[in-house]
Amino acid sequence: PYITGNQEFYNINFIVTPKVLIPRPETELLVEHAIQFVKSKGRQLSALDIGTGSGCIPVAVAFNCQNVEFTALDLDFHALKIAQKNIRQVSLQRRISLVQSNLTSGIFGKFDLILSNPPYIPEEKLLGLDVAQYEPWLALNGGEDGVFFISEILEDAPRLLTPHGEMLLEIESTLGEQVLEIARNHFPNSHIELLKDYTGLSRLLKIYKE
Ligand code: GLN
C-alpha cells in the first residue's frame with residue numbers, strides 16, 4: 001500500500017503514506033458495530049475517533065450513515081493531513097472535524113459514540129514484527145504491556161460518553177481479560193463485552209453506558 005499510496009477499507013479507497021497505519025481488515029469489525037449503533041438510533045449523533053490516522057474509521061462510518069458527525073483526533077500533524085485528504089476525497093468535510101490532540105486531553109463536550117483503534121502491540125512483541133520496520137511506531141506501540149493507551153483512553157472516557165452512549169475499542173487479541181478489568185474499573189455500571197473477530201480472536205471491547 002505504501003508503494004501504490006492506496007489501500008481499500010470498507011469498500012472505500014484510502015490514501016496512505018508511511019505516516020499512517022495501513023487500515024486493517026480487523027478494524028472493519030469496529031466499523032460494522034459502529035454503523036449498527038448509529039443506524040439503530042436514527043437521530044443525529046455525535047461521535048469521536050481517538051487516534052484517527054488515515055481517517056479510515058470516521059470516513060467509513062460517516063459514508064454509510066447520514067446521521068452522524070465526527071470529531072477525529074490524532075497527535076500527529078502529518079497523519080491529520082492524510083486524514084484531511086481522505087475526508088475531502090469523499091466530500092465528508094462538513095461531518096468530520098479534525099483536531100490535533102494528545103489522546104482526549106484537548107477534547108471537551110459529550111459524544112454518543114466513542115471509537116478507537118489505539119496502538120496496542122506490546123513493545124517487546126512489536127520489536128519482532130515486520131510491520132514495525134515500515135509502519136509508524138506511534139500507531140502500533142502499546143507500551144510495555146500493550147495497554148498503556150487503552151488505559152489512558154478508558155480513564156478519561158467516562159466524562160466524554162453520554163448516557164446510552166457506546167464505546168468501541170479495538171484491542172490486541174491476547175489482552176482481552178486485562179482490558180475487560182480496566183474497563184470495569186472505569187465503567188462499573190455499564191454493560192461491557194468482548195467481541196471476537198472473524199478469525200475467532202478477541203478483538204473488540206464494547207461498552208454500553210446505561
Ligand atoms: N492490528 C494491527 C497489527 O496487527 C495493530 C494495530 C494497532 O496497534 N492498533 O499490526
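For ligands, and for the atoms within them, numbers begin at 1 and follow the listed sequence. Values in this document were obtained by computation on a predicted structure and should not be read as measured data.
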Open item on the list: Applying a heavy-atom cut-off of 4.0 Å, say which part of E172 lies close to ligand 1: side chain, backbone, both or neither.
Closed with: neither

TODO: Tell me, yes or no, whether the heavy-atom count around R43 atom CZ, taken from other residues, nucleotides or ligands under 6.0 Å, exceeds 12.
DONE: yes

Task: Whether Y208 and F37 hold their rings parallel, tilted or perpendicular, with breakpoints at 30° and 60° - done: perpendicular

TODO: Please could you name the atoms of ligand 1 that P119 approaches to less than 4.0 Å, counting only its heavy atoms?
DONE: 8 (O)

Open item on the list: Can you report which non-hydrogen protein atom sits closest to atom 1 (N) of ligand 1, along with the distance?
Closed with: Y120 OH, 2.9 Å

Open item on the list: I'd like to check whether P118 has a polar contact with ligand 1, where a contact means an N/O of the residue lying under 3.5 Å from an N/O of the ligand.
Closed with: yes

Open item on the list: If you count every heavy atom of other residues, nucleotides or ligands that lies below 6.0 Å from R88 atom CZ, does the total exceed 12?
Closed with: no

Open item on the list: Suppose I only count heavy atoms of N117 and a 4.0 Å limit; which atoms of ligand 1 are within that range?
Closed with: 7 (C), 9 (N)

Task: Subset of ligand 1 atoms that lie under 4.0 Å from at least one heavy atom of E26 - done: 1 (N)

Open item on the list: Whether E69 and R94 form a salt bridge (side-chain N of Lys/Arg under 4.0 Å from carboxylate O of Asp/Glu) is what I want to check.
Closed with: no

Open item on the list: Within the supplied structure, the quantity of interest is the number of heavy atoms (other residues, nucleotides, ligands) at a distance under 6.0 Å from E144 CD; does it exceed 12?
Closed with: no

Open item on the list: Could you check whether D49 and T52, counting side-chain N and O atoms only, form a donor-acceptor pair closer than 3.5 Å?
Closed with: yes

- [ ] Report the nearest protein non-hydrogen atom to atom 10 (O) of ligand 1: residue, atom name, distance rounded to 0.1 Å.
- [x] R24 NH2, 2.7 Å

Task: G142 touching ligand 1 at heavy-atom level, < 4.0 angstrom - done: no

